[in-house]
Amino acid sequence: MLTSVQKRIYLSPPHMSGNEVNFINEAFMTNWIAPLGPNVDGFEKEIAEYAGVSDAVAVNSGTSAIHLALILLGVEKGDTVFCSSLTFVASANPILYQGAVPVFIDSERDTWNMSPDALERALIEAGLRGKLPKAVIVVNLYGQSAKMKEIITLCNMFGVPVVEDAAESLGSKYYGKKSGSFGEFAIYSFNGNKIITTSGGGMLISNNTEALKKARFFATQARDQAVHYQHSRRGYNYRLSNILAGVGRAQLQVLDERVALRRAVFERYVKELRYVPGLSFMPELEGTHSNRWLTALIVAEEEAGITSEALLESLASENIEARPVWKPLHLQPLFRSSLYYPHNELENVSEDLFRQGICLPSGSNLTEEDQMRIVNCIKRSLSIKV
Ligand SMILES: *Cc1c(COP(=O)(O)O)cnc(C)c1O
């Protein structure tokens, strides 16, 4: 029998280590209550070291980090920027902030990320029109790296820089190198639902230290070198608070543990559900190591005997927070008039994934007992004996 009110299980709740308060206390004791200070400097240095890049700039969100990357790449009104379609809207909103025009690229099935085939067609056509994009924003969905080798080779051929949206893939690896170390610029997010969090925050990283110096300038109202307050460029107030950077430093200390825990959550789902007809898990590309930020799977209606929507409703009725896969951006009313390149003539992969894909609760603090509640609810919904 089910009890009438069961404790809510969240999709991806914050998971503090306990050490965060020490960094916060230190900030209070030394009165560094500002969008600069030792925790900001420390957090930047530690993230750059972790990612294996030369520098990092701490900002107040992943979205502002993407915005700064586009500014540094000279994206302006009327320019084109390519972007993965299967992603959260934050990947593309900064394109609009610059008055630029997004073009959306479909996914492929091996990674659910940007299809190199679709990207190639889009680049060739853009080249023929004489208007190549100023940047390509590549997303690493739910922790899985995109096919970076193929994508970067193509972008290099056309001389177009890559911005790696690694908001969901901090701690993941691609052929031994950290996710986020591939693009000209990459970004991480420390929003409340991400693998580590500062409640809200982000990081812009790169090997181009000169460009990152400019990023700090644009993120602090673009103040010129002068004693008086003088400004020649449009600036922003995007820096991260020294208190929140302290939370980030403590979270970063346990990041690799969090990756191991999320992967263990994924493995338990696989163990319990692998023989259930109609369910298939998001793949992990050979040579990559996903942080498994969210466990995502496909519900094939024919074999499962249930739609992904009905399964989500069933989970919701038992106070379990599961979600559909991101709605592709080319299907969003906001981007109605945008150009879109499907994987090929026959396959529209992101739309298939959206129709059938769901994300299960995947917190690194999810207990085995709670996870079994989810597993059993899924089995019951598919009329499998538990
Ligand atoms: C969370 C997220 C962002 C934005 O990060 P914020 O810190 O919330 O601004 C960008 N892209 C993707 C893919 C995300 O999941």
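Note that ligands are numbered from 1 as they come in the structure, with each ligand's atoms numbered from 1 the same way. What you see is a predicted model, and the numbers here were worked out from it, not measured in a lab.
Contacts classified as side-chain hydrogen bond (donor to acceptor under 3.5 Å, both in side chains) and involving residues 297-313 (residues at least two apart or in different chains) are not found.
In this structure, Glu20 has no salt bridge (charged side-chain N to carboxylate O under 4.0 Å, His left out) partners at least two apart in sequence or on a different chain. Applying the ring pair (Phe, Tyr, Trp, His ring centres under 6.0 Å) criterion to Phe104, with sequence neighbours excluded, gives Phe335.
Using a 4.0 Å cut-off between a side-chain N of Lys or Arg and a carboxylate O of Asp or Glu, Asp79 and Lys131 do not qualify as a salt bridge.
Relative ring orientation between Phe266 and Phe281 is described as perpendicular, the plane-to-plane angle rising above 60° on a 0-90° scale split at 30° and 60°.
Heavy atoms only, all atoms of each residue included: Ile33 and Ala27 are closest at CD1-O, 3.8 Å.
Protein residues lining ligand 1, listed by chain and number: Ser61, Gly62, Thr63, Thr87, Phe88, Ala90, Ser91, Val139, Asp165, Ala167, Glu168, Ser189, Asn191, Lys194, Gly201 [non-hydrogen atoms, distance under 4.0 Å].
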